[in-house]
Peer 1: 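Please see the structure below; I have some questions.
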Amino acid sequence: MFGAVGRATVWLGPAGAGTSAKLVLNNWLVDLAETTAETLSFARRLGLDPTAIVDLLQSTPLGSPYAVQKATTMLTGDFTPAFALKHALKDAELAVQAAQASGTELALTQALLPRWRHAAASHADDDLAAVYTAA
């Protein structure tokens, strides 16, 4: 059944492992989105055209398809939700809590939370790419 409704079926372990994997992957997604927003803002403040940076990313192994797509979304300002900022923020907070409970630290994710909360104050229902407005 899973083969019919999904791209791949992966066995991760006992019950709950899939939920943990989802949290881990959403944490990766949040960190990537933050890094993308920060990079575009940094480029702009250095007087570079952020679109040229996206083009460079797209033409090198550095630019994952997801990062390039989110960067384009950030620059166009069309924040039609694919993954709402409020949900991504919730997952980032849950990831930090789970990391602490497991005796580790997600320093990058912890550091982005204040900026994401600020962005969510006015863009909670928009796509997570709206964090660019706070970068």
Peer 1: Thr80: which residues meet the side chain to side chain contact (heavy atoms under 4.5 Å, CB included) condition with it, sequence neighbours left out?
Peer 2: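 Expected list: Asp78.
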Peer 1: Listing request: all salt bridge (charged side-chain N to carboxylate O under 4.0 Å, His left out) pairs with a residue in residues 51-63, at least two apart in sequence or in separate chains.
Peer 2: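 Matches after skipping sequence neighbours: none remain.
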Peer 1: Taking Gln110 as the fixed residue, which of Leu108, Leu112, Leu113 is the one that meets the side chain to side chain contact (heavy atoms under 4.5 Å, CB included) rule?
Peer 2: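 Answer after filtering Leu108, Leu112, Leu113: Leu113.
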Peer 1: Applying side chain to side chain donor-acceptor pair (under 3.5 Å), can you list everything that pairs with Glu38, at least two apart in sequence or on another chain?
Peer 2: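 Only Arg115 meet the side chain to side chain donor-acceptor pair (under 3.5 Å) criterion with Glu38.
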Peer 1: With side chain to side chain contact (heavy atoms under 4.5 Å, CB included) as the test, pick out the partner of Thr51 among Thr76, Leu75, Leu40.
Peer 2: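 The residue from Thr76, Leu75, Leu40 that satisfies side chain to side chain contact (heavy atoms under 4.5 Å, CB included) with Thr51 turns out to be Leu75.
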Peer 1: Would you please name every residue forming a salt bridge (Lys or Arg N to Asp or Glu O under 4.0 Å) with Asp127, sequence neighbours left out?
Peer 2: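 Partners of Asp127 under the salt bridge (Lys or Arg N to Asp or Glu O under 4.0 Å) test: Lys70.
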Peer 1: Applying side chain to side chain contact (heavy atoms under 4.5 Å, CB included), can you list everything that pairs with Ser41, at least two apart in sequence or on another chain?
Peer 2: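 With neighbours one apart ignored, the set is Arg44, Arg45, Tyr132, Ala135.
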Peer 1: Let me confirm one number: the CG-CH2 distance from Leu128 to Trp116, rounded to the nearest 0.5 Å.
Peer 2: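 Going from CG on Leu128 over to CH2 on Trp116, the span is 4.5 Å.
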Peer 1: Are there over 12 heavy-atom neighbours, none belonging to Phe42, within less than 6.0 Å of that residue's CZ?
Peer 2: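 Result for CZ/Phe42: open.
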Peer 1: Might you point out which heavy atoms bring His118 and Ala134 nearest each other, and give the distance in Å?
Peer 2: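 Residues His118 and Ala134, closest heavy atoms: CD2-CB, 3.8 Å.
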Peer 1: By side chain to side chain contact (heavy atoms under 4.5 Å, CB included), which residues pair with Asn27, not counting sequence neighbours?
Peer 2: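 Once residues adjacent in sequence are excluded, the partners of Asn27 under the side chain to side chain contact (heavy atoms under 4.5 Å, CB included) criterion are Asp31, Ala95, Leu106, Thr109.
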Peer 1: What residue pairs, at least two apart or across chains, pass side-chain hydrogen bond (donor to acceptor under 3.5 Å, both in side chains) with a residue in residues 94-107?
Peer 2: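 Counting only pairs at least two positions apart or across chains, no side-chain hydrogen bond (donor to acceptor under 3.5 Å, both in side chains) contact touches residues 94-107.
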Peer 1: Taking salt bridge (charged side-chain N to carboxylate O under 4.0 Å, His left out) as the cut-off, I'd like each qualifying pair that reaches into residues 92-102, sequence neighbours left out, listed once.
Peer 2: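 Qualifying pairs: Glu93-Arg117.
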Peer 1: Please list, chain by chain and in numerical order, all residues satisfying side chain to side chain donor-acceptor pair (under 3.5 Å) with Gln69, sequence neighbours excluded.
Peer 2: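 Only Thr73 meet the side chain to side chain donor-acceptor pair (under 3.5 Å) criterion with Gln69.
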Peer 1: Would you please name every residue forming a salt bridge (Lys or Arg N to Asp or Glu O under 4.0 Å) with Asp125, sequence neighbours left out?
Peer 2: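 Asp125 satisfies salt bridge (Lys or Arg N to Asp or Glu O under 4.0 Å) with Lys86 only.
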Peer 1: Residues two or more places apart in sequence or in another chain: which of them pass side chain to side chain contact (heavy atoms under 4.5 Å, CB included) with Ile53?
Peer 2: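 Applying side chain to side chain contact (heavy atoms under 4.5 Å, CB included) to Ile53 gives Thr39, Ala43, Leu48, Leu56, Leu57.
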